[in-house]
**Q** 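Provided herewith is a single structure, encoded as structure tokens, for subsequent inquiry.
As a basis for the values below, the full set of heavy atoms in this structure was taken, side chains included, without hydrogen atoms, waters or symmetry mates.
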Amino acid sequence: MQISDEELVSKILEIERELDKLLDEEKYEEMLVLLDKRESLLKELSSIPADLASGILQSDQIRTEKIKQMMNQTSNQAKQIKYNEIGLKGYKSSYEQQEKNKLDRRS
């Protein structure tokens, strides 16, 4: 059964809404599945309406920027964790040395 272009566009628009929702929930793997589905639906259209193509392009650019921002945040968090880890190791080493010195003085 052939699906009309109108039904295809409706499904594509639903996928667009779902993509935004998944991005907000950081469910990237699920987004990939929907992107593949969107691609196959777009190929089924007899012609892609200019406003649909423009809307998809604009939405994808916004999603790409959000993903870049999330990646930067994750990278910064990883760096901060590493710095904290280094600081804790230094503190632990200093604390252990102080405790050792206290024991040595008592002996």
**Q** Side chains of residues 49-62: which donor-acceptor pairs under 3.5 Å do they make with residues two or more places apart or in other chains?
**A**
unit_1	atom_1	unit_2	atom_2	d
Ser59	OG	Gly55	O	3.0
Asp60	OD1	Arg38	NH1	3.1
Asp60	OD1	Arg63	NH1	2.7
Asp60	OD2	Arg38	NH1	3.4
Asp60	OD2	Arg38	NH2	2.8

**Q** Checking Glu39 against Lys43 for the salt bridge (charged side-chain N to carboxylate O under 4.0 Å, His left out) test, could you report, in this order, the C-alpha distance in whole Å, the side-chain angles of both residues, the deciding distance, and whether it holds?
**A** CA-CA 6 Å; Glu39 179 184 13; Lys43 288 179 180 178; 3.4 Å; yes
**Q** Tell me every residue that passes salt bridge (Lys or Arg N to Asp or Glu O under 4.0 Å) with Lys66, counting only those two or more places apart in sequence or in another chain.
**A**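 Testing Lys66 for salt bridge (Lys or Arg N to Asp or Glu O under 4.0 Å), a comparison that skips the adjacent residues, returns Asp24.
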**Q** Going by the rule salt bridge (Lys or Arg N to Asp or Glu O under 4.0 Å), which residues pair with Glu85 if we only count those two or more places apart in sequence or in a different chain?
**A**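 By the salt bridge (Lys or Arg N to Asp or Glu O under 4.0 Å) rule, Glu85 matches Lys82, Lys89.
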**Q** Indicate the atoms forming the closest heavy-atom contact of Ile15 with Leu34, along with that distance.
**A**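 For Ile15 versus Leu34, the nearest heavy atoms are CG2-O, 3.8 Å.
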**Q** Can you list every side chain to side chain donor-acceptor pair (under 3.5 Å) pair that touches residues 71-80, not counting sequence neighbours?
**A**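 Sorted result for residues 71-80: Gln80-Asn84.
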**Q** Going by the rule side chain to side chain donor-acceptor pair (under 3.5 Å), which residues pair with Glu44 if we only count those two or more places apart in sequence or in a different chain?
**A**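 Per chain and number, Glu44 pairs via side chain to side chain donor-acceptor pair (under 3.5 Å) with no residue.
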**Q** With clusters defined by side-chain heavy atoms of hydrophobic residues (ILVMFWY) lying less than 4.5 Å apart, directly or transitively, does Met71 cluster with Ile81?
**A**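 No, it is not one cluster - the side chains of Ile81 and Met71 are not joined through contacts under 4.5 Å.
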**Q** Given the rule in the side-chain contact (heavy atoms from CB on, under 4.5 Å) test, do Leu8 and Asp5 qualify, once you have shown the distances and angles that lead to the verdict?
**A** CA-CA 5 Å; Leu8 289 170; Asp5 279 359; 3.9 Å; yes
**Q** Can you pull the salt bridge (charged side-chain N to carboxylate O under 4.0 Å, His left out) pairs that have at least one residue in residues 27-37, sequence neighbours excluded?
**A**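 Qualifying pairs: Glu25-Lys27.
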**Q** Which distance, rounded to the nearest 0.5 Å, do you find between the CE of Met31 and the NZ of Lys21?
**A**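 So the gap between those two atoms works out to 13.0 Å.
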**Q** Within the 4.5 Å heavy-atom criterion, are Tyr28 and Leu23 side-chain neighbours or not?
**A**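 With C-beta onward as the side chain, the pair touches.
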**Q** Is there a path from Leu13 to Val33 through hydrophobic residues (I, L, V, M, F, W, Y) whose side chains come within less than 4.5 Å of each other?
**A**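 Unlinked, Leu13 and Val33 end up in two clusters.
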**Q** Salt bridge between Glu14 and Arg17, side-chain N to carboxylate O under 4.0 Å?
**A**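 Salt bridge between Glu14 and Arg17, a charged N being under 4.0 Å from a carboxylate O: yes.
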